[in-house]
Amino acid sequence: MDQKIIEEKIQTAKKAALNAYAPYSKFRVGCVVETHAGNFYEGCNVENISYGLACCAERTAIFKAASTEGPSMKLKHVFVAMADHKEGAPCGACRQVIAEFDESTMVYFKLGGETKTMTVSQLLPCNFDKL
Ligand code: THU
């Protein structure tokens, strides 16, 4: 994917982070996913007073995509950004959820002063799968 488009989508993810419901961590995360069908879905993290029930931005966006397109939904690109921090990588749980919807999905995020472009398999080698 063109570097200019990647940066634009990361900016869109950053805007999506402004909708985060994060009164406990105050850590606002946003995500944009593109499916193989060519549709884009945005998500943000949604927390709960029962802390463990928080849903990450990535999963909010992915579940939006899956519940809109149905069981054939496959992820092509996932862009992640933080509203208040320059950098941050997707958590392990979200990597497993991305892998569910295509192990060759490309994931984009800022880390170490650069934009990382990695497949979910690179981010989560040996992910859990049915044997
Ligand atoms: N969070 C995400 O939304 N995505 C990640 O990949 C890592 C963490 C959220 C969960 C929680 O609401 C807040 O960031 C602090 O952990």
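Atom set for the values below is all heavy atoms of this structure, side chains included, hydrogens, waters and symmetry mates excluded. Note that ligands are numbered from 1 as they come in the structure, with each ligand's atoms numbered from 1 the same way.
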Subject >> Electrostatic pair Glu69:Lys64 at N-O distance under 4.0 angstrom >> reply: no

Original post:
Side chains of Asn48 and Ser50: do they bring a donor and an acceptor to under 3.5 Å?
Top reply: no

**OP:** If you have a sec, work out which protein heavy atom is nearest atom 9 (C) of ligand 1 and how many Å separate them, to one decimal?
**Re:** Asn45 ND2, 3.6 Å

**OP:** Consider every N or O of Cys91 and every N or O of ligand 1, then say whether any pair is closer than 3.5 Å.
**Re:** yes

Original post:
Quick one: does Ala22 get a heavy atom under 4.0 Å from ligand 1?
Top reply: no

Original post:
Does the pair Lys4/Glu8 count as a salt bridge with the N-to-O cut at 4.0 Å?
Top reply: yes

Original post:
Under a 4.0 Å heavy-atom limit, does Cys56 contact ligand 1 with its side chain, its backbone, both, or neither?
Top reply: both

Original post:
From atom 16 (O) of ligand 1, is the closest protein heavy-atom distance below 4.0 Å?
Top reply: no

Subject >> Given Tyr108, Phe109, Tyr41, the one that forms ring pair (Phe, Tyr, Trp, His ring centres under 6.0 Å) with His77 >> reply: Tyr108

Original post:
Are the charged groups of Lys9 and Glu7 less than 4.0 angstrom apart, N to O?
Top reply: no

Original post:
Does the ring center of Tyr51 lie less than 6.0 Å from the ring center of Tyr24?
Top reply: yes

Original post:
Which atoms of ligand 1 sit under 4.0 Å from any heavy atom of Ser25?
Top reply: 13 (C), 15 (C)

**OP:** Measure up the His85 and Phe27 rings against each other and bin them: parallel (under 30°), tilted (30 to 60°), perpendicular (over 60°).
**Re:** tilted

Original post:
Which residue owns the protein heavy atom closest to atom 4 (N) of ligand 1, what's the atom, and how far is it?
Top reply: Glu58 OE1, 2.8 Å

Subject >> Geometric N/O contact Ala57 with ligand 1, under 3.5 angstrom >> reply: yes

Subject >> Phe27 neighbourhood, listing ligand 1 atoms whose heavy-atom distance to it stays under 4.0 Å >> reply: 13 (C), 14 (O), 15 (C)

Original post:
In terms of side-chain geometry, is the basic nitrogen of Arg28 or Asp84 positioned less than 4.0 Å from the acidic oxygen of its partner?
Top reply: yes

**OP:** Would you mind listing which atoms of ligand 1 come within a distance below 4.0 Å of any non-hydrogen atom of Glu47?
**Re:** 11 (C), 12 (O), 13 (C)

Subject >> Ligand-residue contact atoms, ligand 1 with Pro90, heavy atoms, under 4.0 Å >> reply: 6 (O)

